[in-house]
2 protein chains.
Amino acid sequence: MRHPPGMRAPPPATAERILDVAERLVQTQGYNGFSYADISAALRITKASLHYHFPTKAKLGLSLVLRYHDAFRSALEAIQKSVPDPRQKLRAYVQLYADVLRKDRLCLCGMLAAEQATLPKPMKAALNAFFDANERWLAGVLEEGRRSGTLHLEGPVVEEAQLLVAALEGAMLVARSYGDSKRFAAVAERVLAGILPPAPRLPKRVRQA
Amino acid sequence: MRHPPGMRAPPPATAERILDVAERLVQTQGYNGFSYADISAALRITKASLHYHFPTKAKLGLSLVLRYHDAFRSALEAIQKSVPDPRQKLRAYVQLYADVLRKDRLCLCGMLAAEQATLPKPMKAALNAFFDANERWLAGVLEEGRRSGTLHLEGPVVEEAQLLVAALEGAMLVARSYGDSKRFAAVAERVLAGILPPAPRLPKRVRQA
DNA sequence: GTCTATAACGAGATAGAC
DNA sequence: GTCTATCTCGTTATAGAC
């Protein structure tokens with residue numbers, strides 16, 4: 001909390017509201033698919049005012065990536081702190097993606113990675129920092145699971161982590177194209193199945209009671 | 001071959017050359033990241049001439065997806081005809097993606113799937129047809145491998161197929177962001193490893209001679 | 001089929017009043 | 001901080017000559 005204790009949180013400052021709208025627009029339409037006019041219409045603020053807060057689209061774009069990375073980092077720290085079991089940590093990680101897709105959005109950085117070639121350099125660098133952090137966090141969880149024997153890993157944890165990120169990013173992309181979030185869930189389950197310990201061969205019968 | 005036998009192939013017609021350039025531009029910069037001016041500069045033909053061949057950007061975009069799907073279909077048929085082993089079919093499939101990435105491009109339909117919300121309706125429909133065809137083909141290969149015992153499948157083939165497509169699309173996205181094609185290769189190997197029969201536990205020693 | 005010329009619009013961005 | 005007004009440029013697209 002950045003506001004004094006005992007007081008209600010202040011309404012989000014204009015800059016934050018601009019970022020909120022811009023984030024949604026990038027995640028749904030892409031960096032090259034939205035304009036200041038779109039934000040202006042959504043917030044009912046003139047384009048000139050937007051430029052007061054973010055002088056150029058490049059700076060707005062960079063702010064978006066940095067803020068998104070920050071929020072993700074916080075979410076990962078929260079998981080790390082509150083979820084002890086590595087298997088559950090992975091499920092919580094998958095859920096972060098599912099929450100984004102539920103809003104019919106892509107991962108901000110996945111979307112921007114597609115448009116990579118057209119982005120200002122600082123944004124490109126920030127993108128890769130995001131993916132690096134994700135893979136490091138995942139690799140840590142996987143290593144922990146291997147040591148404790150709760151996860152079943154064939155190869156190096158870094159490659160498992162890369163597969164996870166790739167599969168989840170790709171699954172969001174395709175699932176959203178179909179407007180079918182079950183597609184995402186199916187892929188996520190399947191990729192986790194390759195890491196979670198071999199299933200205990202459930203009998204056909206329902207395991208009721 | 002659509003030209004008479006015994007003759008050299010004619011130089012590509014203008015429309016095809018336009019599609020070639022536009023395809024590259026979409027795969028690298030996205031549908032919203034290129035303009036008729038870019039094609040005009042690359043081919044040294046005026047924008048007005050481009051409009052003679054493709055009156056609107058929407059029609060150009062649709063032609064791109066249909067042609068890409070056609071080419072992919074041909075490639076899949078060629079694999080089906082010339083490669084007997086399902087395991088090798090999967091490797092050939094992965095290689096199709098690798099060939100695209102080597103040119104620093106994304107799958108055309110993967111890129112467009114990201115921009116989905118901003119695309120004309122006919123393009124969206126054509127996109128999903130592409131993913132459907134891919135998954136059907138893969139599911140067929142996987143089913144074949146399961147029957148012949150050359151592949152090792154845990155769940156339904158459709159879900160395996162969806163994981164494959166998602167992982168490959170996502171791996172291209174991330175690998176290209178890093179400019180590191182080895183990242184793609186690593187993910188591809190790892191996802192295949194979950195399908196190919198369990199490795200024969202190679203000894204540490206090099207299996208030389 | 002390709003060109004010149006131009007229309008019509010939307011983009012990112014700035015100046016300066018309030 | 002937000003506004004009106006404006007600038008400049010790039011965008012898709014068309015008319016009509018060659």
Side-chain angles (χ1 to χ4, degrees), chain A residues 2-3 9-65 111-112 115-124, chain B residues 3 10-65 111-112 115-124:
Chain A
R2 273 180 292 283
H3 58 280
T14 305
E16 286 299 313
R17 297 198 302 138
I18 293 171
L19 289 171
D20 289 340
V21 172
E23 182 174 280
R24 171 174 58 80
L25 288 169
V26 171
Q27 289 182 280
T28 52
Q29 313 194 167
Y31 183 77
N32 296 317
F34 87 100
S35 74
Y36 272 44
D38 297 324
I39 307 177
S40 170
L43 292 182
R44 322 231 289 186
I45 271 186
T46 60
K47 288 192 290 168
S49 296
L50 300 178
H51 279 284
Y52 168 80
H53 295 281
F54 300 96
T56 67
K57 197 183 181 184
K59 289 184 184 175
L60 170 59
L62 181 57
S63 299
L64 281 176
V65 180
M111 174 65 89
L112 292 174
E115 300 178 288
Q116 182 241 57
T118 68
L119 300 181
K121 280 231 182 70
M123 285 184 72
K124 277 171 67 170
Chain B
H3 57 279
T14 304
E16 287 299 312
R17 297 198 301 138
I18 293 171
L19 289 172
D20 289 340
V21 172
E23 183 175 279
R24 171 175 57 80
L25 288 168
V26 172
Q27 289 181 280
T28 52
Q29 313 193 172
Y31 183 77
N32 295 318
F34 88 100
S35 75
Y36 272 45
D38 297 322
I39 307 177
S40 171
L43 293 181
R44 322 231 288 183
I45 272 184
T46 60
K47 290 188 287 169
S49 296
L50 300 179
H51 280 284
Y52 168 80
H53 295 282
F54 300 96
T56 68
K57 198 182 181 185
K59 287 185 185 176
L60 170 59
L62 181 58
S63 299
L64 281 176
V65 179
M111 174 65 90
L112 293 174
E115 300 179 287
Q116 182 241 59
T118 68
L119 300 181
K121 279 231 182 73
M123 285 185 72
K124 278 171 65 170

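Letters A, B, ... mirror the listed sequences (proteins, then strands); counts begin at 1. The structure presented is a predicted model; accordingly, all values stated were derived computationally and were not measured.
Within the 4.5 Å cutoff, the side chain of B:N32 has no heavy atoms near those of the A:T118 side chain.
Distances were taken from every side-chain heavy atom of B:T46 (C-beta onward) to each of C:dG1, C:dT4, D:dT12; the shortest belongs to C:dT4.
A:D20 meets the side chain to side chain donor-acceptor pair (under 3.5 Å) test with A:R67; sequence neighbours excluded. Applying the side chain to side chain donor-acceptor pair (under 3.5 Å) test to A:T56 and every residue at least two apart in sequence or in another chain returns nothing. Annotation: side chain to side chain donor-acceptor pair (under 3.5 Å) contacts of B:T28 (sequence neighbours excluded): none. Partners of A:S49 under the side chain to side chain donor-acceptor pair (under 3.5 Å) rule, at least two apart in sequence or in another chain, are A:T46. Listed by chain and residue number, A:S35, A:K47 satisfy the side chain to side chain contact (heavy atoms under 4.5 Å, CB included) test with A:A37 (two or more places apart in sequence, or in another chain). Shown here are the side chain to side chain contact (heavy atoms under 4.5 Å, CB included) partners of B:P120, two or more places apart in sequence or in another chain: B:Y31, B:A58, B:P122, B:M123.
At D:dC3, one or more side-chain N or O atoms of A:S49 fall inside 4.0 Å of OP1 or OP2 (strictly under the cut-off). B:T14 has no side-chain polar atom (N or O) that falls below the 4.0 Å cut-off from OP1 or OP2 of C:dG1.
Contact check of residues 16-31 of chain B against DNA chain C (heavy atom, cut-off under 4.0 Å) returns no residues at all.
In this structure, B:L60 places its CG atom 14 Å from C1' of D:dT11, rounding to the nearest Å. Between B:Y52 atom OH and D:dA15 atom P there is a gap of 16 Å when expressed in whole angstrom units. Whole-Å rounding puts the A:I39 CD1 to C:dG10 C1' distance at 15 Å. For A:L43 and D:dC3, the CG to P distance is 11 Å, given to the nearest whole Å. The interatomic distance linking A:N32 (CG) with D:dG10 (C1') rounds to 13 Å, in whole Å.
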Handout entry: Check against side chain to side chain contact (heavy atoms under 4.5 Å, CB included), B:S40 and B:I45
Key = CA-CA 5 Å; B:S40 171; B:I45 272 184; 5.7 Å; no

Completion exercise
With sugar-phosphate taken as primed atoms, P, OP1 and OP2 and all else as base, the protein-contact string of nucleotides 13-18 of chain C at under 4.0 Å (heavy atoms; B, S, -) is BBB---

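Listed by first and then second residue, the ring pair (Phe, Tyr, Trp, His ring centres under 6.0 Å) pairs involving residues 35-61 of chain A are A:Y36-A:H51 (not counting sequence neighbours).
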